[in-house]
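Since the structure is predicted, the reported quantities are computational estimates derived from the model, not experimental observations. Numbers restart at 1 for each chain; the letters A, B, ... are given by sequence-line order, proteins then strands. Any value given below was found using the heavy atoms of this structure, including those in side chains, with hydrogens, waters and symmetry copies removed.
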Amino acid sequence: MQEFKRAIRESLAQHSGLDSNTIKLERPKKAEQGDFAFPCFQLAKERKQPPVAIAQELAAKIGADLQRVEVVATGPFLNFRINRSDLSASVLKQIAGENEGFGHSREGAGKTMVIDFSSPNIAKPLHVGHLRSTIIGAVLKRLHDALGYTTVGVNHIGDWGVQFGKLASAVELWGDTVDLEGDSIRALLALYQRFHEEEKRDESLAERGREAFRELESGKDGSVRATWRRVTELSLRELSKTYARLGVSFDLIRGESFYEDKLEETIERIRASGVTEESDGALIVRLERKGKEIAPALLRKSDGTTLYATRDFAAAFHRWDEFHFDRCLYVVAGNQKLHFEQLFGVLKRMELPWAERAEHIYFGMMTLSGGLKLSTRDGQMIFLDELLDRAVEEALKVIQTSKKFADIPNPEEVATQIGIGAVIFNDLKKERIKDVQFEWDDVLSFEGETGPYLQYTHARMCGILRRAEKEGPPADTAPAWAQLEDASHLILTLGRFPDVVRSAAKACEPSEISQYLLSLCRDLNSWYGHAEHKVLGVDAPLSAARLQLVNGAKVVIANGLRLLGVATPEKM
RNA sequence: GCGCCCGUAGCUCAGCUGGAUAGAGCACCGGAUUUCUAAUCCGGCGGUCACAGGUUCGAGUCCUGUCGGGCGUACCA
């Protein structure tokens with residue numbers, strides 16, 4: 001399909017005087033209008049001629065150039081329609097040839113993307129709020145992998161700070177009262193909460209916590225460090241189970257603690273650039289936005305200790321030194337915008353050439369229905385594992401009540417794919433900056449605009465292809481490409497997939513893929529729902545052509561879902 | 001107070017770097033299954049694109065202001 005677009009652009013450029021690279025071919029609102037459109041208003045202004053006249057003039061000239069494309073002037077618009085047979089053959093042959101690779105490219109070859117995502121705290125359970133960074137980050141990584149980038153997925157674990165002194169103390173005090181080895185995270189959470197409770201009554205506990213963290217920071221390899229190490233290991237073990245369920249993996253799991261011995265040099269590096277100053281005893285960097293001063297970045301507190309931001313600076317420098325990235329994405333909620341503005345603001349004030357390469361990819365907040373915030377503190381929490389369990393359970397119920405239950409050899413496995421797919425897709429459906437309200441009904445709904453809807457459509461295509469092996473036309477039947485005219489809108493959509501992948505990656509917007517897949521499946525189901533569009537049991541060349549369409553759709557849905565991290569069962 | 005983000009159908013959302021008659025899902029009502037999977041499809045209902053100005057040949061999309069909601073506002077992470 002690209003070859004037709006290129007030809008249209010070149011001819012258009014030649015006859016209009018525009019640069020072929022800047023010509024934007026739009027998609028007409030209505031399919032009947034054509035495959036691509038070019039509005040002539042801009043040209044009309046430059047040439048001081050009516051757009052309708054320009055459209056007519058160009059239509060005649062371009063029409064003479066292009067044999068396989070019909071060019072029609074509709075008012076001020078120039079509409080292009082690729083010859084149906086050529087369109088079908090071009091798109092569907094390409095998909096069949098490239099298969100899993102359709103949508104992939106090498107355009108990012110040689111470029112490195114560092115993607116920081118998920119980044120939970122040790123010793124706290126993942127709740128539904130953590131889903132967003134994890135899921136979105138994982139999609140961004142897969143998207144860039146598909147485009148040939150070298151990607152480095154980093155999990156910047158929160159494993160440092162006074163709270164870990166408290167936790168270590170709690171483990172030392174009451175560790176034997178809970179099941180640390182078995183249900184680690186829940187046990188740690190209970191200990192942490194107990195510490196908070198008792199701290200209110202017993203002031204010595206707070207001091208004990210601070211003292212423990214001081215020992216930790218001192219680097220002394222004593223009992224506190226041993227406890228901290230144990231807590232870290234237990235937590236990571238639990239976390240990795242949840243990541244495995246979500247199909248998410250990292251290239252680098254590196255806690256904040258990793259930067260502990262690099263904080264002094266980090267502060268020195270910033271101080272040496274001359275941007276720092278003392279204020280109320282603290283070391284800060286003043287920053288402004290559009291000429292107005294904003295909250296400064298803090299490098300060191302007035303008591304001499306460092307803070308979270310200091311470790312983020314250390315991480316940024318270290319990442320640059322290690323990877324020399326082309327882009328470094330921080331997939332973190334939007335409520336941290338100021339923090340990243342400060343982080344990047346300092347890099348810019350230091351005039352580091354790579355400062356512009358770091359980006360905060362932010363997303364909306366997750367709230368519970370009724371506007372309640374998710375937080376460990378007030379107990380408003382839905383554990384991620386529980387959510388996944390429940391989604392799988394619900395999926396299993398649907399499978400068991402279905403008529404085709406008997407045809408599914410592995411219902412538990414399929415229920416897992418569907419339940420978890422539903423949860424993931426639900427998180428990727430909307431534009432990422434929008435806030436999401438958590439509703440059980442929405443997450444567990446398997447009808448309408450959902451992951452299972454896409455999976456189901458995919459499974460049906462698989463079903464046809466399976467059956468075609470037995471009942472279909474002979475393998476060497478030449479497809480009657482010209483007879484796919486009633487599906488040309490669908491074919492055009494399939495041909496657009498590589499553009500969608502590229503655009504979603506560029507904008508770091510997974511919802512471009514999800515929305516594309518929804519609209520593709522809607523069109524596909526609609527086409528397929530017509531009795532006259534039978535794939536099998538029709539004239540062999542027509543059947544062969546429709547099978548190519550079914551295969552193309554199956555491949556694109558599968559490739560799209562794979563990018564999103566949603567499984568693609570062949571039967572459901 | 002100040003800053004950032006959001007505001008499209010009863011609800012949840014699409015609407016491509018401004019372009020042709022603003023589209024889906026849910027809910028509600030009515031249809032389709034001896035059929036290549038009904039987790040589907042078809043039809044109906046439903047809109048002053050928050051409001052007011054402005055820029056433009058053209059604004060849901062850009063600018064300004066107002067209202068409403070969310071988030072954030074240096075020694076937490």
Side-chain angles (χ1 to χ4, degrees), chain A residues 24 26-30 33 37 39-42 44-45 50-51 74-77 79 121 158 160-163 256 279-284 286 289-290 292 294-303 305 307-309 311-312 333-339 341-342 362 364-365 367 371 395 398-399 402-404 407 418 429-431 433-437 439 441-442 445-450 452-453 455-457 459-468 471-472 496 499-500 503 507 511-512 514-515 518-519 521-522 525-531 533-537 546-547 550 571-572:
Chain A
K24 183 197 165 196
E26 297 179 350
R27 241 180 311 144
K29 278 258 187 303
K30 300 275 174 224
Q33 291 165 326
C40 299
F41 302 102
Q42 206 66 40
K45 207 172 177 182
T74 313
F77 288 88
N79 288 326
N121 282 321
W160 207 247
V162 188
Q163 51 174 324
E256 288 176 48
S279 171
D280 298 335
L283 187 67
I284 66 161
R286 289 196 192 279
R289 173 204 302 142
K290 294 181 198 161
K292 282 185 188 166
I294 61 169
L298 259 167
L299 300 180
R300 199 202 297 279
K301 298 191 267 185
S302 50
D303 65 3
T305 60
L307 53 156
Y308 170 75
R311 294 189 277 282
D312 244 9
N335 58 4
Q336 309 232 26
K337 263 185 106 169
L338 180 59
H339 167 73
E341 203 177 351
Q342 292 167 328
Y362 61 95
M365 299 271 298
T367 53
V398 176
I399 290 174
S402 152
K403 278 181 272 182
K404 57 243 179 188
D407 295 336
I418 294 170
K429 193 159 75 173
K430 301 206 280 185
E431 220 184 342
I433 55 167
K434 297 260 166 84
D435 286 346
V436 287
Q437 207 178 84
E439 298 285 357
D441 287 352
D442 292 345
S445 163
F446 297 157
E447 289 171 20
E449 298 178 324
T450 63
Y453 172 73
Q455 291 173 316
Y456 180 66
T457 308
R460 287 174 89 179
M461 297 304 116
C462 290
I464 297 174
L465 294 170
R466 259 197 313 273
R467 188 178 280 235
E471 307 169 16
R496 241 177 63 220
D499 291 337
V500 175
S503 168
S511 72
E512 288 190 25
S514 15
Q515 291 296 333
L518 284 173
S519 118
C521 287
R522 248 192 323 264
N525 279 319
S526 178
W527 177 83
Y528 167 88
H530 285 93
H533 292 158
K534 300 255 333 160
V535 175
L536 301 174
R546 286 184 175 166
L547 275 170
V550 166
K571 281 185 185 176
M572 65 184 274

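Counting non-hydrogen atoms of other residues, nucleotides and ligands closer than 6.0 Å to CG of A:D441 gives a total of 12 or fewer.
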Just the atom pairs and distances: protein N or O near nucleotides 63-65 of chain B's N or O, under 3.5 Å.
none

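Atoms CD (A:E256) and C1' (B:rA77) sit 7 Å apart, rounded to a whole Å. At whole-Å resolution of the value, CE in A:M365 and C1' in B:rG72 are 11 Å apart. Put simply, CD on A:Q336 is 10 Å from C1' on B:rG72, counting in whole angstrom units. Computed from coordinates, the A:Q342 CD to B:rC76 C1' distance equals 13 Å when rounded to whole Å.
Separating the C1' atom of B:rG23 from that of B:rG46 is a span of 13 Å, rounded to the nearest Å. Separating the P atom of B:rU12 from that of B:rC75 is a span of 35 Å, rounded to the nearest Å. Between B:rC4 and B:rG65, the two P atoms lie 10 Å apart (nearest whole Å). Comparing B:rG3 with B:rA9, their P atoms sit 29 Å apart, to the nearest whole Å. B:rA20 and B:rU37 have their P atoms separated by 39 Å, given to the nearest Å. Using atom P as the reference point in both B:rA22 and B:rU40, the two lie 28 Å apart (nearest Å). To the nearest whole angstrom, the two P atoms, one in B:rC5 and one in B:rC49, are 24 Å apart. Across B:rG25 and B:rC41, the matching P atoms stand 8 Å from one another, rounded to whole Å.
Counting atom types as modelled, A:S526 pairs no side-chain N or O with a base atom of B:rC41 as donor and acceptor under 3.5 Å. For A:N79 and B:rA20, a side-chain-to-base donor-acceptor distance below 3.5 Å is present, hydrogens and geometry of angles not being considered.
Residue A:Q515 places its side chain closer to B:rA14 than to any other of B:rA77, B:rA20, B:rA14. Of the candidate nucleotides B:rC41, B:rC71, B:rA20, B:rC41 has the atom nearest to the side chain of A:N525. Checked against B:rU37, B:rG70, B:rC75, the side chain of A:D435 finds its nearest nucleotide in B:rG70.
Note on A:I418: a base of the nucleic acid sits closer than 4.0 angstrom, heavy atoms only. At the heavy-atom level, A:S279 lies under 4.0 Å from base atoms of the strands shown. Among the atoms of the strands shown, only primed sugar atoms or phosphate atoms (P, OP1, OP2) are found under 4.0 Å from some heavy atom of A:R467. In this structure, A:A37 reaches the bases: a heavy-atom distance under 4.0 Å links it to at least one base atom across the strands shown. Using a 4.0 Å heavy-atom distance criterion, A:P28 is classed as a base contact. In this structure, A:D499 reaches neither bases nor backbone, as no heavy-atom distance under 4.0 Å exists between it and the strands shown. Nucleic acid contact for A:L338: sugar-phosphate only, since backbone atoms but no base atoms lie under 4.0 Å from a heavy atom of the residue. Contacts of A:L307 with the nucleic acid, taken as non-hydrogen atoms under 4.0 Å apart, involve only primed sugar atoms and P, OP1 or OP2. Looking at heavy-atom distances under 4.0 Å, A:Y453 makes contact with sugar-phosphate atoms alone, never a base.
Looking at heavy atoms from C-beta onward, A:L338 lies in side-chain contact with A:I294 at the 4.5 angstrom threshold. Residues A:I464 and A:R466 form no side-chain contact, since every pair of their non-hydrogen atoms from C-beta on lies 4.5 Å or further apart. The shortest distance between side-chain heavy atoms of A:D442 and A:Q437 does not fall below 4.5 Å.
Of all heavy-atom pairs between A:A459 and A:M572, the closest is CB-CG, 3.7 Å. Among all heavy-atom pairs drawn from A:P28 and A:A37, the shortest one is CG-CB, 3.9 Å.
Applying the side-chain hydrogen bond (donor to acceptor under 3.5 Å, both in side chains) test to A:Q455 and every residue at least two apart in sequence or in another chain returns nothing. Residues passing the side-chain hydrogen bond (donor to acceptor under 3.5 Å, both in side chains) test with A:N121: none are found, sequence neighbours excluded.
For the residue pair A:S503 and A:E512, a side-chain donor N or O sits within less than 3.5 Å of a side-chain acceptor on the partner.
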| task | Give the intermediate values and the outcome of side-chain hydrogen bond (donor to acceptor under 3.5 Å, both in side chains) for residues A:N525 and A:Y453. | result | CA-CA 10 Å; A:N525 279 319; A:Y453 172 73; 3.1 Å; yes
| remark: Protein heavy-atom contacts under 4.0 Å, written 5' to 3' over nucleotides 2-7 of chain B as B (base), S (sugar-phosphate only) or - (none), form the string -SSSS-
| task | Produce a footprint string for nucleotides 21-27 of chain B: one letter per nucleotide, 5' end first; B if the base is under 4.0 Å from any protein heavy atom, S if only the sugar-phosphate is, - if neither. | result | ---BSS-
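Mapped onto RNA chain B by nearest heavy atom, A:F77 and A:I399 fall at different nucleotides, with A:F77 at the one closer to the 5' end. Comparing A:Q42 and A:Y528 along RNA chain B, the residue whose closest nucleotide (by nearest heavy atom) sits nearer the 5' end is A:Q42.
In this structure, A:F41 and A:F77 have perpendicular ring planes: the angle between them is above 60°, well past the 30° mark.
Consecutive Watson-Crick or G-U pairing (both distances under 3.5 Å) extending over three or more pairs maps onto RNA chain B as B:1-7 with B:67-73, B:10-13 with B:23-26, B:28-32 with B:40-44, B:50-54 with B:62-66.
The side chain of A:R460 contributes no N or O atom lying less than 4.0 Å from OP1 or OP2 of B:rA39. In terms of phosphate contacts, A:Y456 brings a side-chain nitrogen or oxygen within less than 4.0 Å of OP1 or OP2 of B:rA39.
Using a 5.5 Å limit on the distance between ring centres and a 30° limit on the angle between planes, the aromatic ring of A:F41 counts as stacked on the six-membered base ring of B:rG19.
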